[in-house]
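Before any comments, here is the structure.
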2 protein chains.
Amino acid sequence: MSSVGSRHRSLRDETVDEIRRLILDGELAPGERLSELSMSERLGVSRLPVREAFRRLEAEGLVEALPRRGVRVVELDQHELDTVREMRVALELIAVRRTIMKADPQVRATLRDLLEKGNAASAAGDRETLDAINDQFHDVLGEGSGSRFLCEVLRSVRNQAHHLVGGKSNAVEPSWSEHAAIITATLDEDEELAMMLMRRHLTQRHANQGGLHRSQA
Amino acid sequence: MSSVGSRHRSLRDETVDEIRRLILDGELAPGERLSELSMSERLGVSRLPVREAFRRLEAEGLVEALPRRGVRVVELDQHELDTVREMRVALELIAVRRTIMKADPQVRATLRDLLEKGNAASAAGDRETLDAINDQFHDVLGEGSGSRFLCEVLRSVRNQAHHLVGGKSNAVEPSWSEHAAIITATLDEDEELAMMLMRRHLTQRHANQGGLHRSQA
DNA sequence: CATCGGGATGGTGTATCCAATCTATGGGTG
DNA sequence: CACCCATAGATTGGATACACCATCCCGATG
(Lines give C-alpha, C1' and ligand atoms only; values in the text may rest on other atoms or scores of the structure.)
Protein backbone atom coordinates (compact mmCIF):
# COMPACT_ATOMS: atom_id res chain seq x y z
CA MET A 1 0.00 0.00 0.00
CA SER A 2 2.46 2.61 1.21
CA SER A 3 5.18 1.93 -1.30
CA VAL A 4 8.58 3.53 -1.25
CA GLY A 5 7.61 5.79 -4.10
CA SER A 6 4.62 7.28 -2.36
CA ARG A 7 6.61 7.94 0.78
CA HIS A 8 9.43 9.52 -1.17
CA ARG A 9 9.17 13.28 -1.48
CA SER A 10 10.38 14.19 -4.89
CA LEU A 11 13.06 16.76 -5.28
CA ARG A 12 10.73 19.05 -7.14
CA ASP A 13 8.26 19.03 -4.26
CA GLU A 14 11.03 19.96 -1.90
CA THR A 15 12.07 22.66 -4.32
CA VAL A 16 8.54 24.03 -4.52
CA ASP A 17 8.24 24.12 -0.75
CA GLU A 18 11.61 25.75 -0.31
CA ILE A 19 11.05 28.50 -2.87
CA ARG A 20 7.58 29.08 -1.48
CA ARG A 21 9.03 29.44 1.96
CA LEU A 22 11.67 31.86 0.72
CA ILE A 23 8.96 34.00 -0.82
CA LEU A 24 6.61 33.92 2.15
CA ASP A 25 9.45 34.66 4.57
CA GLY A 26 10.43 37.63 2.47
CA GLU A 27 13.88 36.33 1.65
CA LEU A 28 12.80 36.75 -1.93
CA ALA A 29 11.25 40.18 -2.17
CA PRO A 30 8.13 41.01 -4.16
CA GLY A 31 9.15 42.20 -7.59
CA GLU A 32 12.44 40.34 -7.43
CA ARG A 33 13.34 38.43 -10.54
CA LEU A 34 14.38 34.83 -10.18
CA SER A 35 16.55 33.01 -12.65
CA GLU A 36 16.50 29.26 -13.01
CA LEU A 37 20.24 29.04 -12.83
CA SER A 38 20.82 31.08 -9.70
CA MET A 39 17.92 29.41 -7.93
CA SER A 40 19.18 25.95 -8.87
CA GLU A 41 22.62 26.84 -7.54
CA ARG A 42 21.16 28.32 -4.38
CA LEU A 43 19.16 25.19 -3.68
CA GLY A 44 21.79 22.79 -4.92
CA VAL A 45 19.59 21.13 -7.52
CA SER A 46 19.61 21.11 -11.26
CA ARG A 47 17.56 23.53 -13.31
CA LEU A 48 14.87 21.02 -14.09
CA PRO A 49 13.19 20.81 -10.67
CA VAL A 50 13.42 24.59 -10.47
CA ARG A 51 11.62 24.96 -13.78
CA GLU A 52 8.85 22.66 -12.64
CA ALA A 53 8.67 24.49 -9.33
CA PHE A 54 8.30 27.81 -11.15
CA ARG A 55 5.32 26.46 -13.09
CA ARG A 56 3.73 25.29 -9.90
CA LEU A 57 4.27 28.55 -8.05
CA GLU A 58 3.04 30.40 -11.08
CA ALA A 59 -0.24 28.54 -10.85
CA GLU A 60 -0.37 29.33 -7.14
CA GLY A 61 -0.02 32.99 -7.94
CA LEU A 62 3.20 33.52 -6.01
CA VAL A 63 5.30 34.25 -9.06
CA GLU A 64 4.45 35.47 -12.52
CA ALA A 65 6.15 34.45 -15.72
CA LEU A 66 7.93 37.05 -17.75
CA PRO A 67 8.21 35.61 -21.25
CA ARG A 68 11.83 34.97 -22.07
CA ARG A 69 12.83 36.58 -18.82
CA GLY A 70 11.99 33.99 -16.25
CA VAL A 71 9.74 34.69 -13.32
CA ARG A 72 9.23 37.45 -10.83
CA VAL A 73 7.83 37.34 -7.32
CA VAL A 74 4.39 38.89 -7.53
CA GLU A 75 3.64 42.20 -5.88
CA LEU A 76 0.18 42.80 -4.52
CA ASP A 77 -1.34 46.23 -4.54
CA GLN A 78 -3.94 47.21 -2.00
CA HIS A 79 -6.86 46.38 -4.25
CA GLU A 80 -5.50 42.94 -4.97
CA LEU A 81 -4.92 42.35 -1.29
CA ASP A 82 -8.46 43.42 -0.43
CA THR A 83 -9.81 41.04 -3.04
CA VAL A 84 -7.72 38.18 -1.74
CA ARG A 85 -8.97 38.82 1.77
CA GLU A 86 -12.54 38.81 0.57
CA MET A 87 -11.93 35.55 -1.28
CA ARG A 88 -10.43 34.09 1.82
CA VAL A 89 -13.37 34.96 4.00
CA ALA A 90 -15.80 33.44 1.53
CA LEU A 91 -13.82 30.23 1.15
CA GLU A 92 -12.98 29.76 4.83
CA LEU A 93 -16.66 30.08 5.60
CA ILE A 94 -17.48 27.41 3.08
CA ALA A 95 -14.78 25.21 4.55
CA VAL A 96 -15.93 25.50 8.13
CA ARG A 97 -19.54 24.95 7.16
CA ARG A 98 -18.72 21.84 5.18
CA THR A 99 -16.54 20.55 7.95
CA ILE A 100 -19.49 20.76 10.30
CA MET A 101 -21.83 19.23 7.73
CA LYS A 102 -19.57 16.26 7.15
CA ALA A 103 -18.91 15.73 10.85
CA ASP A 104 -16.13 13.32 10.04
CA PRO A 105 -15.14 11.43 13.22
CA GLN A 106 -11.49 11.51 12.23
CA VAL A 107 -11.54 15.27 11.72
CA ARG A 108 -13.47 15.80 14.93
CA ALA A 109 -10.86 13.81 16.81
CA THR A 110 -8.10 15.92 15.28
CA LEU A 111 -9.92 19.09 16.25
CA ARG A 112 -10.41 17.88 19.82
CA ASP A 113 -6.73 17.05 19.98
CA LEU A 114 -5.79 20.43 18.57
CA LEU A 115 -8.03 22.20 21.07
CA GLU A 116 -6.53 20.34 23.99
CA LYS A 117 -2.92 20.88 22.94
CA GLY A 118 -3.58 24.50 22.09
CA ASN A 119 -5.12 25.19 25.47
CA ALA A 120 -2.20 23.51 27.18
CA ALA A 121 0.38 25.45 25.17
CA SER A 122 -1.52 28.66 25.73
CA ALA A 123 -1.69 28.08 29.47
CA ALA A 124 1.99 27.20 29.57
CA GLY A 125 2.89 30.24 27.52
CA ASP A 126 4.66 28.01 25.03
CA ARG A 127 4.51 30.36 22.08
CA GLU A 128 6.48 28.16 19.73
CA THR A 129 4.14 25.22 20.09
CA LEU A 130 1.18 27.55 19.92
CA ASP A 131 2.36 29.00 16.63
CA ALA A 132 2.61 25.53 15.16
CA ILE A 133 -0.87 24.70 16.40
CA ASN A 134 -2.28 27.92 15.03
CA ASP A 135 -0.78 27.04 11.68
CA GLN A 136 -2.45 23.66 11.79
CA PHE A 137 -5.82 25.14 12.65
CA HIS A 138 -6.84 26.39 9.23
CA ASP A 139 -5.26 23.42 7.52
CA VAL A 140 -7.43 21.01 9.44
CA LEU A 141 -10.58 22.93 8.57
CA GLY A 142 -9.54 22.96 4.93
CA GLU A 143 -9.02 19.24 4.87
CA GLY A 144 -12.06 18.67 7.00
CA SER A 145 -14.22 20.17 4.31
CA GLY A 146 -13.70 16.96 2.39
CA SER A 147 -12.75 18.73 -0.80
CA ARG A 148 -9.20 18.47 -1.98
CA PHE A 149 -9.76 21.29 -4.40
CA LEU A 150 -11.12 23.68 -1.80
CA CYS A 151 -8.25 22.80 0.47
CA GLU A 152 -5.68 23.53 -2.21
CA VAL A 153 -7.26 26.80 -3.28
CA LEU A 154 -7.54 27.89 0.33
CA ARG A 155 -3.87 27.21 0.81
CA SER A 156 -3.03 29.42 -2.14
CA VAL A 157 -5.36 32.13 -0.96
CA ARG A 158 -3.83 32.10 2.50
CA ASN A 159 -0.37 32.32 1.02
CA GLN A 160 -1.47 35.32 -0.99
CA ALA A 161 -2.93 36.90 2.11
CA HIS A 162 0.28 36.38 4.05
CA HIS A 163 2.37 37.61 1.18
CA LEU A 164 4.37 40.72 1.72
CA VAL A 165 2.90 43.98 0.54
CA GLY A 166 5.26 46.73 -0.40
CA GLY A 167 8.05 44.99 1.44
CA LYS A 168 6.41 45.04 4.84
CA SER A 169 4.96 42.04 6.53
CA ASN A 170 1.30 41.54 6.23
CA ALA A 171 0.96 38.73 8.70
CA VAL A 172 -1.13 39.18 11.79
CA GLU A 173 -0.52 37.50 15.09
CA PRO A 174 -2.94 34.60 15.18
CA SER A 175 -5.11 34.55 18.23
CA TRP A 176 -5.47 31.22 19.93
CA SER A 177 -8.55 32.26 21.82
CA GLU A 178 -10.34 32.98 18.57
CA HIS A 179 -9.19 29.71 17.08
CA ALA A 180 -10.26 27.85 20.18
CA ALA A 181 -13.72 29.38 20.03
CA ILE A 182 -14.11 28.39 16.38
CA ILE A 183 -13.00 24.83 17.09
CA THR A 184 -15.44 24.58 19.99
CA ALA A 185 -18.31 25.85 17.88
CA THR A 186 -17.35 23.42 15.13
CA LEU A 187 -17.28 20.49 17.53
CA ASP A 188 -20.66 21.65 18.89
CA GLU A 189 -21.86 21.64 15.28
CA ASP A 190 -23.06 25.18 15.81
CA GLU A 191 -22.81 26.19 12.19
CA GLU A 192 -24.06 29.72 12.65
CA LEU A 193 -21.73 30.54 15.51
CA ALA A 194 -18.72 28.92 13.90
CA MET A 195 -19.20 30.91 10.71
CA MET A 196 -19.78 34.11 12.61
CA LEU A 197 -16.61 33.64 14.63
CA MET A 198 -14.64 32.75 11.55
CA ARG A 199 -15.84 35.83 9.73
CA ARG A 200 -14.90 38.05 12.62
CA HIS A 201 -11.61 36.25 13.03
CA LEU A 202 -10.69 37.09 9.45
CA THR A 203 -12.13 40.57 9.04
CA GLN A 204 -11.90 42.34 12.36
CA ARG A 205 -8.18 42.74 12.44
CA HIS A 206 -7.35 44.69 9.36
CA ALA A 207 -8.85 47.98 10.41
CA ASN A 208 -5.94 48.89 12.68
CA GLN A 209 -3.33 47.62 10.27
CA GLY A 210 -0.01 47.06 11.95
CA GLY A 211 -1.47 47.22 15.41
CA LEU A 212 -0.49 44.88 18.19
CA HIS A 213 -2.38 41.66 18.43
CA ARG A 214 -0.60 40.09 21.36
CA SER A 215 -3.00 41.59 23.81
CA GLN A 216 -4.95 38.33 24.04
CA ALA A 217 -4.01 36.13 26.97
CA MET B 1 6.83 47.59 -25.22
CA SER B 2 5.21 44.67 -27.02
CA SER B 3 8.39 42.85 -27.89
CA VAL B 4 8.61 39.75 -30.00
CA GLY B 5 9.18 37.65 -26.92
CA SER B 6 6.04 38.77 -25.16
CA ARG B 7 3.96 38.12 -28.26
CA HIS B 8 5.42 34.67 -28.61
CA ARG B 9 3.40 31.98 -26.90
CA SER B 10 5.75 29.46 -25.43
CA LEU B 11 5.42 25.86 -26.36
CA ARG B 12 4.69 24.89 -22.80
CA ASP B 13 1.74 27.27 -22.66
CA GLU B 14 0.39 25.79 -25.84
CA THR B 15 0.90 22.37 -24.33
CA VAL B 16 -0.94 23.34 -21.16
CA ASP B 17 -3.86 24.72 -23.14
CA GLU B 18 -4.05 21.69 -25.38
CA ILE B 19 -4.00 19.13 -22.60
CA ARG B 20 -6.50 21.20 -20.65
CA ARG B 21 -8.78 21.25 -23.65
CA LEU B 22 -8.44 17.50 -24.10
CA ILE B 23 -9.49 16.99 -20.49
CA LEU B 24 -12.39 19.43 -20.54
CA ASP B 25 -13.66 18.05 -23.84
CA GLY B 26 -13.59 14.58 -22.38
CA GLU B 27 -11.08 13.23 -24.86
CA LEU B 28 -9.07 12.32 -21.82
CA ALA B 29 -11.46 10.63 -19.45
CA PRO B 30 -11.51 11.17 -15.70
CA GLY B 31 -9.37 8.54 -14.03
CA GLU B 32 -7.30 8.03 -17.15
CA ARG B 33 -3.58 7.85 -16.60
CA LEU B 34 -1.36 10.01 -18.74
CA SER B 35 2.25 9.25 -19.50
CA GLU B 36 4.74 11.91 -20.39
CA LEU B 37 5.98 10.00 -23.37
CA SER B 38 2.67 9.22 -25.01
CA MET B 39 1.43 12.74 -24.41
CA SER B 40 4.58 14.25 -25.86
CA GLU B 41 4.22 12.06 -28.93
CA ARG B 42 0.56 12.88 -29.26
CA LEU B 43 1.27 16.60 -29.17
CA GLY B 44 4.51 16.43 -31.12
CA VAL B 45 6.66 18.01 -28.44
CA SER B 46 9.40 16.73 -26.21
CA ARG B 47 8.83 15.44 -22.70
CA LEU B 48 9.91 18.60 -20.96
CA PRO B 49 7.02 20.89 -21.96
CA VAL B 50 4.67 18.05 -21.08
CA ARG B 51 6.24 17.71 -17.66
CA GLU B 52 5.87 21.40 -17.03
CA ALA B 53 2.31 21.27 -18.28
CA PHE B 54 1.54 18.41 -15.90
CA ARG B 55 2.81 20.46 -12.97
CA ARG B 56 0.67 23.37 -14.02
CA LEU B 57 -2.48 21.30 -14.49
CA GLU B 58 -1.77 19.60 -11.20
CA ALA B 59 -1.89 22.98 -9.50
CA GLU B 60 -5.11 23.76 -11.34
CA GLY B 61 -6.62 20.59 -9.97
CA LEU B 62 -7.29 18.96 -13.32
CA VAL B 63 -4.81 16.15 -12.84
CA GLU B 64 -3.28 14.57 -9.79
CA ALA B 65 0.26 13.28 -9.52
CA LEU B 66 0.85 9.63 -8.83
CA PRO B 67 4.42 9.43 -7.54
CA ARG B 68 6.57 7.53 -9.98
CA ARG B 69 3.50 6.77 -12.01
CA GLY B 70 2.81 10.01 -13.77
CA VAL B 71 -0.49 11.79 -13.53
CA ARG B 72 -4.14 10.88 -13.68
CA VAL B 73 -7.10 12.96 -14.76
CA VAL B 74 -8.99 13.78 -11.59
CA GLU B 75 -12.42 12.36 -10.92
CA LEU B 76 -14.89 14.42 -8.96
CA ASP B 77 -17.40 12.80 -6.69
CA GLN B 78 -20.71 14.45 -5.94
CA HIS B 79 -19.51 16.06 -2.74
CA GLU B 80 -16.49 17.55 -4.45
CA LEU B 81 -18.67 18.86 -7.24
CA ASP B 82 -21.10 20.44 -4.78
CA THR B 83 -18.22 22.13 -3.04
CA VAL B 84 -16.81 23.44 -6.29
CA ARG B 85 -20.20 24.87 -7.21
CA GLU B 86 -20.46 26.58 -3.87
CA MET B 87 -16.97 28.01 -4.31
CA ARG B 88 -17.90 29.23 -7.72
CA VAL B 89 -21.01 31.03 -6.55
CA ALA B 90 -19.06 32.78 -3.80
CA LEU B 91 -16.25 33.85 -6.10
CA GLU B 92 -18.40 34.92 -9.03
CA LEU B 93 -20.38 37.10 -6.66
CA ILE B 94 -17.19 38.74 -5.45
CA ALA B 95 -16.11 39.24 -9.03
CA VAL B 96 -19.31 40.88 -10.18
CA ARG B 97 -19.43 43.11 -7.13
CA ARG B 98 -15.86 44.26 -7.59
CA THR B 99 -16.44 44.83 -11.27
CA ILE B 100 -19.26 47.19 -10.39
CA MET B 101 -17.21 48.86 -7.65
CA LYS B 102 -14.30 49.52 -9.95
CA ALA B 103 -16.51 50.73 -12.79
CA ASP B 104 -13.57 50.60 -15.16
CA PRO B 105 -14.48 52.44 -18.38
CA GLN B 106 -12.62 49.90 -20.47
CA VAL B 107 -14.48 47.02 -18.90
CA ARG B 108 -17.80 48.82 -19.19
CA ALA B 109 -17.17 49.35 -22.88
CA THR B 110 -16.38 45.67 -23.33
CA LEU B 111 -19.57 44.73 -21.51
CA ARG B 112 -21.65 47.08 -23.64
CA ASP B 113 -20.09 45.59 -26.73
CA LEU B 114 -20.73 42.07 -25.48
CA LEU B 115 -24.35 42.91 -24.70
CA GLU B 116 -24.93 44.34 -28.14
CA LYS B 117 -23.31 41.48 -30.01
CA GLY B 118 -25.02 38.92 -27.84
CA ASN B 119 -28.43 40.41 -28.46
CA ALA B 120 -27.77 40.50 -32.19
CA ALA B 121 -26.58 36.89 -32.26
CA SER B 122 -29.51 35.83 -30.11
CA ALA B 123 -32.01 37.58 -32.39
CA ALA B 124 -30.36 36.06 -35.46
CA GLY B 125 -30.34 32.62 -33.89
CA ASP B 126 -26.63 32.41 -34.49
CA ARG B 127 -25.87 29.81 -31.85
CA GLU B 128 -22.19 29.49 -32.66
CA THR B 129 -21.49 33.17 -32.12
CA LEU B 130 -23.68 33.15 -29.06
CA ASP B 131 -21.72 30.30 -27.53
CA ALA B 132 -18.50 32.23 -28.00
CA ILE B 133 -20.05 35.31 -26.42
CA ASN B 134 -21.40 33.31 -23.52
CA ASP B 135 -17.91 31.98 -22.96
CA GLN B 136 -16.55 35.49 -22.90
CA PHE B 137 -19.14 36.66 -20.41
CA HIS B 138 -17.69 35.20 -17.25
CA ASP B 139 -14.15 35.91 -18.39
CA VAL B 140 -14.86 39.60 -18.71
CA LEU B 141 -16.37 39.76 -15.24
CA GLY B 142 -13.37 37.92 -13.85
CA GLU B 143 -10.94 40.32 -15.43
CA GLY B 144 -13.17 43.27 -14.64
CA SER B 145 -12.77 42.53 -10.95
CA GLY B 146 -9.29 43.97 -11.27
CA SER B 147 -7.66 41.05 -9.50
CA ARG B 148 -5.49 38.77 -11.51
CA PHE B 149 -5.53 36.22 -8.74
CA LEU B 150 -9.32 36.12 -8.49
CA CYS B 151 -9.54 35.82 -12.25
CA GLU B 152 -7.14 32.89 -12.31
CA VAL B 153 -8.80 31.06 -9.44
CA LEU B 154 -12.21 31.59 -11.00
CA ARG B 155 -10.96 30.10 -14.23
CA SER B 156 -9.79 27.00 -12.36
CA VAL B 157 -13.04 26.76 -10.47
CA ARG B 158 -15.07 27.01 -13.65
CA ASN B 159 -12.96 24.33 -15.25
CA GLN B 160 -13.61 22.10 -12.27
CA ALA B 161 -17.31 22.81 -12.50
CA HIS B 162 -17.38 21.93 -16.19
CA HIS B 163 -15.31 18.85 -15.64
CA LEU B 164 -16.90 15.57 -16.46
CA VAL B 165 -18.44 13.64 -13.63
CA GLY B 166 -18.65 9.91 -13.93
CA GLY B 167 -18.08 10.16 -17.65
CA LYS B 168 -21.14 12.23 -18.40
CA SER B 169 -21.07 15.85 -19.30
CA ASN B 170 -21.76 18.26 -16.57
CA ALA B 171 -22.05 21.34 -18.70
CA VAL B 172 -25.27 23.26 -18.77
CA GLU B 173 -26.56 25.23 -21.69
CA PRO B 174 -25.67 28.84 -20.95
CA SER B 175 -28.60 31.15 -21.14
CA TRP B 176 -27.99 34.38 -22.96
CA SER B 177 -31.03 36.06 -21.45
CA GLU B 178 -29.61 35.52 -17.97
CA HIS B 179 -26.21 36.75 -19.03
CA ALA B 180 -27.75 39.78 -20.67
CA ALA B 181 -29.68 40.64 -17.52
CA ILE B 182 -26.53 40.42 -15.43
CA ILE B 183 -24.58 42.61 -17.82
CA THR B 184 -27.36 45.17 -17.81
CA ALA B 185 -27.48 45.24 -14.03
CA THR B 186 -23.72 45.57 -13.92
CA LEU B 187 -23.73 48.48 -16.36
CA ASP B 188 -26.51 50.07 -14.27
CA GLU B 189 -24.24 49.59 -11.26
CA ASP B 190 -27.11 47.86 -9.52
CA GLU B 191 -24.95 45.78 -7.25
CA GLU B 192 -27.75 44.04 -5.44
CA LEU B 193 -29.61 43.02 -8.57
CA ALA B 194 -26.48 41.90 -10.39
CA MET B 195 -25.45 39.67 -7.51
CA MET B 196 -28.92 38.28 -7.14
CA LEU B 197 -29.14 37.43 -10.82
CA MET B 198 -25.68 35.91 -10.76
CA ARG B 199 -26.55 33.76 -7.79
CA ARG B 200 -29.69 32.51 -9.44
CA HIS B 201 -27.86 32.01 -12.70
CA LEU B 202 -25.41 29.68 -11.01
CA THR B 203 -27.61 27.82 -8.55
CA GLN B 204 -31.06 27.46 -10.07
CA ARG B 205 -30.16 25.01 -12.73
CA HIS B 206 -28.75 22.07 -10.90
CA ALA B 207 -31.94 20.88 -9.24
CA ASN B 208 -33.28 19.19 -12.36
CA GLN B 209 -29.90 17.90 -13.47
CA GLY B 210 -29.90 16.96 -17.12
CA GLY B 211 -33.06 18.86 -17.89
CA LEU B 212 -33.48 21.00 -20.96
CA HIS B 213 -32.30 24.53 -20.74
CA ARG B 214 -33.01 25.68 -24.24
CA SER B 215 -36.45 26.91 -23.34
CA GLN B 216 -35.16 30.47 -23.16
CA ALA B 217 -35.55 32.55 -26.29
C1' DC C 1 24.21 63.07 -25.92
C1' DA C 2 21.61 59.74 -28.38
C1' DT C 3 21.63 55.80 -31.04
C1' DC C 4 23.21 51.66 -32.90
C1' DG C 5 25.43 47.27 -32.67
C1' DG C 6 27.45 43.32 -30.70
C1' DG C 7 28.56 40.35 -27.07
C1' DA C 8 27.01 38.45 -22.60
C1' DT C 9 23.28 36.65 -20.10
C1' DG C 10 19.64 33.77 -19.55
C1' DG C 11 15.09 31.52 -20.84
C1' DT C 12 13.17 27.84 -23.96
C1' DG C 13 13.23 23.49 -26.09
C1' DT C 14 15.40 19.08 -27.59
C1' DA C 15 18.02 15.07 -26.99
C1' DT C 16 20.44 11.77 -24.07
C1' DC C 17 21.76 9.33 -20.21
C1' DC C 18 21.10 7.12 -15.83
C1' DA C 19 19.03 5.74 -11.47
C1' DA C 20 14.95 4.45 -9.01
C1' DT C 21 10.79 2.24 -9.04
C1' DC C 22 6.46 0.62 -10.57
C1' DT C 23 4.05 -2.97 -13.42
C1' DA C 24 3.60 -7.04 -15.57
C1' DT C 25 4.90 -11.31 -16.99
C1' DG C 26 5.99 -15.78 -15.93
C1' DG C 27 7.58 -19.56 -13.46
C1' DG C 28 7.79 -22.10 -9.21
C1' DT C 29 5.47 -24.00 -5.17
C1' DG C 30 1.87 -25.35 -1.79
C1' DC D 1 -5.35 -24.60 -9.62
C1' DA D 2 -4.24 -20.68 -6.97
C1' DC D 3 -0.87 -17.90 -4.92
C1' DC D 4 3.65 -15.90 -4.32
C1' DC D 5 7.91 -14.13 -5.73
C1' DA D 6 11.51 -12.82 -8.94
C1' DT D 7 13.06 -10.93 -12.97
C1' DA D 8 12.46 -7.85 -17.00
C1' DG D 9 10.49 -4.04 -19.26
C1' DA D 10 8.46 0.44 -19.03
C1' DT D 11 8.12 4.98 -17.01
C1' DT D 12 9.11 8.64 -13.97
C1' DG D 13 12.61 11.59 -11.79
C1' DG D 14 16.67 13.98 -12.33
C1' DA D 15 21.05 15.66 -14.51
C1' DT D 16 23.59 17.28 -18.33
C1' DA D 17 24.72 19.09 -22.76
C1' DC D 18 23.56 21.80 -26.52
C1' DA D 19 21.12 24.78 -29.92
C1' DC D 20 18.48 28.85 -30.42
C1' DC D 21 16.88 33.20 -29.72
C1' DA D 22 15.25 37.20 -27.05
C1' DT D 23 16.72 40.46 -23.83
C1' DC D 24 20.04 43.27 -21.58
C1' DC D 25 24.18 45.74 -21.04
C1' DC D 26 27.77 48.44 -22.60
C1' DG D 27 30.78 50.60 -25.47
C1' DA D 28 31.62 52.72 -29.90
C1' DT D 29 30.13 55.92 -33.11
C1' DG D 30 27.52 59.62 -35.27
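First the proteins, then the strands, lettered A, B, ... as listed; each starts at 1.
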Name the nucleic acid region contacted by [X], choosing base, sugar-phosphate or nothing; use a 4.0 angstrom heavy-atom cut-off, strictly under.
X: A:Glu36; answer: base
X: A:Arg55; answer: sugar-phosphate
X: B:Leu11; answer: sugar-phosphate

Given atom [atom1] of [X] and atom [atom2] of [N], what is their separation to the nearest angstrom?
X: A:Met39; N: D:dA15; atom1: CE; atom2: P; answer: 15 Å
X: A:Leu37; N: C:dT12; atom1: CG; atom2: C1'; answer: 14 Å
X: A:Glu14; N: D:dG13; atom1: CD; atom2: P; answer: 14 Å
X: B:Arg9; N: D:dA22; atom1: CZ; atom2: C1'; answer: 18 Å
X: A:Glu41; N: D:dT16; atom1: CD; atom2: P; answer: 11 Å
X: B:Leu66; N: C:dC22; atom1: CG; atom2: P; answer: 12 Å
X: A:Leu43; N: D:dA15; atom1: CG; atom2: C1'; answer: 15 Å

Toward the 5' end of DNA chain D, by each residue's nearest nucleotide, B:Leu48 or B:Ser35: B:Ser35
Toward the 5' end of DNA chain D, by each residue's nearest nucleotide, A:Arg47 or A:Gly44: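 Closest to the 5' end, via its nearest nucleotide, is A:Gly44.
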Under 3.5 Å: donor-acceptor pair, side chain of [X], backbone of [Y]:
X: B:Asp113; Y: B:Ala109; result: no
X: A:Thr110; Y: A:Gln106; result: yes
X: B:Gln160; Y: B:Val157; result: no

On DNA chain C, does the nearest nucleotide to B:Pro49 precede the nearest nucleotide to B:Arg33 from the 5' side, or the other way round? Give the residue.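 Of the two residues, B:Pro49 wins.
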Which one, [options], comes nearest to the side chain of [X]?
X: A:Val45; options: C:dT14, D:dA15, D:dG13; answer: D:dA15
X: A:Arg69; options: C:dA15, D:dT23, C:dC22; answer: D:dT23
X: B:Arg51; options: D:dG13, C:dT14, C:dG11; answer: D:dG13

Look at A:Arg68 and D:dC21 and indicate whether a side-chain polar atom (N or O) is within less than 4.0 Å of OP1 or OP2. no
Are side-chain N/O atoms of A:Glu80 and B:Ser147 paired as donor and acceptor at under 3.5 Å?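 B:Ser147 and A:Glu80 do have a side-chain donor-acceptor pair below 3.5 Å.
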Geometric class of the A:His179/A:His138 ring pair [parallel <30°, tilted 30-60°, perpendicular >60°]: perpendicular
